[in-house]
Participant: 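One structure is given below, represented as structure tokens, and several questions about it will come after.
Ligands are counted one by one from 1 in listed order, and the atoms in each one are counted from 1 as well.
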Amino acid sequence: MIVSHFNSDLYCIGIHNPVRERSVEQIYRMIRERLKKPFFLSSGQELTITVSVGVAEYPEAAQSALELINCAEIVMFKAKGAGKDSMQYFDVPILDEFLQKIDIENKLKEAIFHENFVMYFQPQYHVEDKKLRGVEALIRWKDDDGQMISPAVFIPIAEKNGTIVSIGTWVIEESIRIYAGWKAKYHASLILSINVSAIQYKRPNFVSKLMAIVEKYGVEPSEVELEITESILIDDFVEMTNKLAILKDYGFRISLDDFGTGYSSLSYLKGLPINTLKIDKSFIDTVISDSNTKIITEAIIYMVKKLGYETVAEGVETQEQYEYLKSIECDNIQGYFLGKPMPAKDVEELLK
Ligand code: C2E
Ligand code: CA
Ligand code: CA
């Protein structure tokens, strides 16, 4: 057995012919056993550490030592991602997932350079009269092969590597530019909802950039609704809510997206400077079939309305869901039932 220190908190253990008490599992158990006991710093401070282990075996995983180490490292990150303090064996699906991610990451950099994105828009309707309330801007990435890549795949990657900031700025400018065109042509006054990622929102120049864009295209801030998720509030609640208040003072509308998927505490809602709350699709999916979901959805809508916020139900797919949401006085709906995300020219058909 060879133990070596690679860098910072990274170690490599090479085991030749792992058998009996020197088997991989046994060694892992011994490491964990030792790390269970806390360490004490000279200041008296107690320190506990966890260990994430990735295992790659010769010859199944790879043929050379360097490749084995790479494979072990890939699955080690997988173990780390899965809540740390665990061991993960190398297998082909993990490698494929990793390679696909790298591939998307590389292509994404190209796509940003060439601006290979298009904006789609999904209509939102008032429940009462089915009149158009506004549209949500949703990005689409057109791959070189003409394939559309879903934002659900690449936005999380862009958030991790920071490219979301430039993508997000492009989204804001492009959707406001298109919206300004509709305004001029159809004298339409709608609400344009734009998704904003936490990293993008946290940038110090976020507000000034946004202001510069609305001014450039002659759009009123009150026509723009920023869709944020509660993840922006987690690190620094006070500073981040202050920023929301500044945006609201400028006249922007704020919408809390995906409500019901995270902590979704009703107690923090009361002090939040928002206008709209979007009830996540996962509630709408089961609201007809599951009585508990029904109770929760009704309670949320009742309370949110009392707090003075508008409600939007997401992912409404059926007439039955629509009728039900109408009966419990949800204000607006968005979903395949009344309209899928569509290119800008199709929105023009609606505006005509
Ligand atoms: P989201 O903000 O929750 O957007 C709603 C997603 O649900 C969209 O998927 C939409 O196409 C889909 N959807 C709407 N109605 C229905 C329905 O009735 N049934 C079903 N099955 N799906 C429905 P999409 O466009 O793939 O976007 C996925 C996510 O990607 C978005 O979720 C949002 O979090 C993110 N995203 C999209 N565009 C942007 C963007 O410009 N910036 C940022 N930061 N994130 C974006
Ligand atoms: Ca959204
Ligand atoms: Ca959502």
Participant: Provide, to 0.1 Å, the distance between atom 32 (O) of ligand 1 and the closest protein heavy atom, together with that atom's residue and name.
Facilitator: Leu138 CD2, 5.0 Å
Participant: Using 30° and 60° as the class limits, which term best fits the ring planes of His5 and Tyr11: parallel, tilted or perpendicular?
Facilitator: parallel
Participant: For Asp257, take its heavy atoms, then give the atoms of ligand 1 lying under 4.0 Å from any of them.
Facilitator: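 Taking each heavy atom of Asp257 in turn, ligand 1 has 2 (O) under 4.0 Å.
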Participant: For Cys71 versus Ala62, what's the shortest heavy-atom pair and its separation?
Facilitator: SG-CB, 4.3 Å
Participant: Return yes if a side-chain donor-acceptor contact under 3.5 Å exists between Glu227 and Ser255, otherwise no.
Facilitator: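 On atom types as modelled, these side chains do not qualify, holding no pair under 3.5 Å.
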Participant: With Lys78 as the cation and Phe98 as the aromatic partner, state whether NZ or CZ is under 6.0 Å from the six-membered ring centre and within 45° of the axis.
Facilitator: no
Participant: Quick one: does atom 29 (C) of ligand 1 have a protein heavy atom under 4.0 Å from it?
Facilitator: no
Participant: Determine, considering heavy atoms only, which of Asp258, Ile164, Ile284 sits nearest to atom 3 (O) of ligand 1.
Facilitator: Asp258
Participant: Using heavy-atom distances only, which candidate in Tyr336, Phe337, Phe154 approaches atom 16 (C) of ligand 1 most closely?
Facilitator: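 Result: the heavy atom closest to atom 16 (C) of ligand 1 is in Tyr336.
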Participant: Considering the heavy atoms of Glu314, write down every atom of ligand 1 situated less than 4.0 Å from one of them.
Facilitator: 3 (O)
Participant: How close does the nearest protein non-hydrogen atom get to atom 39 (C) of ligand 1, and which residue and atom is it?
Facilitator: Ile139 CG2, 3.7 Å
Participant: So for Arg140, does at least one of its heavy atoms come nearer than 4.0 angstrom to any atom of ligand 1?
Facilitator: yes
Participant: Report the distance from atom CG of Asn116 to atom CD of Glu110, rounding to the nearest 0.5 Å.
Facilitator: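 Here the rounded value is 8.5 Å.
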Participant: Does atom 6 (C) of ligand 1 have a protein heavy-atom neighbour under 4.0 Å away?
Facilitator: no
Participant: Suppose I only count heavy atoms of Gly335 and a 4.0 Å limit; which atoms of ligand 1 are within that range?
Facilitator: 15 (N), 18 (O)
Participant: With a 4.0 Å cut-off on heavy atoms, is Glu317 touching ligand 1?
Facilitator: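 It does, in that a heavy atom of Glu317 comes within the 4.0 Å cut-off of ligand 1.
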Participant: Does atom 9 (O) of ligand 1 have any protein heavy atom closer than 4.0 Å?
Facilitator: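 No, there is none.
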Participant: Nearest 0.5 Å, please: how far is CE in Met87 from CD1 in Ile31?
Facilitator: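 Between atom CD1 of Ile31 and atom CE of Met87 there are 9.5 Å.
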Participant: Using the six-membered ring of Tyr201, assess whether NZ or CZ of Lys243 lies under 6.0 Å from its centre and within 45 degrees of the ring axis.
Facilitator: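 Pair Lys243/Tyr201 counts as cation-pi.
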Participant: Any side-chain donor paired with an acceptor under 3.5 Å for Glu136 and Ser193?
Facilitator: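 Result is no, nothing qualifies.
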Participant: Do you know how many protein N, O or S atoms are within a distance smaller than 3.0 Å of the Ca ion (ligand 2)?
Facilitator: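 With waters ignored, the protein N/O/S count below 3.0 Å is 4.
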Participant: List every atom of ligand 1 that sits less than 4.0 Å from any heavy atom of Val316, numbering the atoms from 1 in the order shown and giving each element.
Facilitator: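 Near Val316, the atoms of ligand 1 are 18 (O).
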Participant: Check for me whether Lys340 has a heavy atom closer than 4.0 Å to any atom of ligand 1.
Facilitator: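 The answer is no, since Lys340 has no heavy atom less than 4.0 Å from ligand 1.
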Participant: Taking all atoms of both residues into account, what is the closest heavy-atom pair of Asn195 and Ala137, and its distance?
Facilitator: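 Between these two residues, the closest heavy atoms are ND2-O, 3.3 Å.
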Participant: At what distance is the nearest protein heavy atom to atom 24 (P) of ligand 1, and which residue and atom is it?
Facilitator: Pro151 CG, 3.7 Å
Participant: Given the protein's heavy atoms, is any one of them under 4.0 Å from atom 34 (O) of ligand 1?
Facilitator: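 Within 4.0 Å of atom 34 (O) of ligand 1, no protein heavy atoms are found.
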Participant: What is the closest protein heavy atom to atom 44 (N) of ligand 1, and at what distance does it sit?
Facilitator: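 Of every protein heavy atom, Ser197 OG, 3.0 Å lies nearest to atom 44 (N) of ligand 1.
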Participant: Does either side chain, that of Gln122 or that of Tyr336, offer a donor lying less than 3.5 Å from an acceptor on the other one?
Facilitator: no
Participant: Would you call the rings of Phe337 and Tyr322 parallel, tilted or perpendicular, taking 30° and 60° as the class edges?
Facilitator: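 Phe337 vs Tyr322 ring planes: tilted.
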Participant: When rounded to the nearest 0.5 angstrom, what distance separates CG in Leu190 from NZ in Lys131?
Facilitator: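 Result: 12.5 Å between the selected atoms.
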Participant: Using distance alone, with no hydrogens and no angle criterion, decide if Tyr89 and Glu57 have a side-chain donor and acceptor under 3.5 Å apart.
Facilitator: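 No - no donor-acceptor pair under 3.5 Å links their side chains.
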Participant: Would you mind listing which atoms of ligand 1 come within a distance below 4.0 Å of any non-hydrogen atom of Glu136?
Facilitator: 2 (O), 4 (O)
Participant: Taking 4.0 angstrom as the limit and counting only heavy atoms of Gly315, give me the atoms of ligand 1 inside it, by number and element.
Facilitator: 15 (N), 16 (C), 17 (C), 18 (O)
Participant: State whether Tyr120 and Arg140 meet the cation-pi test: NZ (Lys) or CZ (Arg) under 6.0 Å from the six-membered ring centroid, and within 45° of the perpendicular axis.
Facilitator: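 The answer is yes; both the distance and angle limits are met.
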Participant: Atoms of ligand 1 less than 4.0 Å from Pro341 heavy atoms?
Facilitator: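 Numbered from 1, ligand 1 contributes 11 (O).
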Participant: Look at ligand 1 and say whether Gly168 reaches it with a heavy atom at a distance under 4.0 Å.
Facilitator: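 Outside the 4.0 Å threshold, so no.
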Participant: Taking atom types as modelled and ignoring hydrogens, do the side chains of Asp285 and Gln321 form a donor-acceptor contact shorter than 3.5 angstrom?
Facilitator: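 Their side chains do not contain a donor-acceptor pair, so the 3.5 Å distance test is not met.
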Participant: What protein heavy atom sits nearest atom 15 (N) of ligand 1, and how far away is it?
Facilitator: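 Closest protein heavy atom to atom 15 (N) of ligand 1: Gln122 NE2, 3.0 Å.
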Participant: Under 3.5 Å, sequence neighbours excluded: what are the donor-acceptor pairs made by side chains of residues 299-308?
Facilitator:
unit_1 : atom_1 : unit_2 : atom_2 : d
Lys305 : NZ     : Glu329 : O      : 2.8
Lys305 : NZ     : Asp331 : OD1    : 2.9

Participant: Apply the side-chain hydrogen bond (donor to acceptor under 3.5 Å, both in side chains) test between Gln334 and each candidate in Lys278, Arg133, Glu314; give the one that qualifies.
Facilitator: Lys278
Participant: With no hydrogens and no angle check, do the side chains of Glu310 and Asn275 hold a donor and an acceptor under 3.5 Å apart?
Facilitator: no
Participant: Closer than 4.0 Å to some heavy atom of Val171 - which atoms of ligand 1 meet that?
Facilitator: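 Reading through ligand 1 atom by atom, the close ones are 41 (O).
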Participant: Check for me whether Glu159 has a heavy atom closer than 4.0 Å to any atom of ligand 1.
Facilitator: no
Participant: Please list the nearest protein heavy atom to atom 43 (C) of ligand 1 with its residue and the distance rounded to 0.1 Å.
Facilitator: Asn195 CB, 3.7 Å
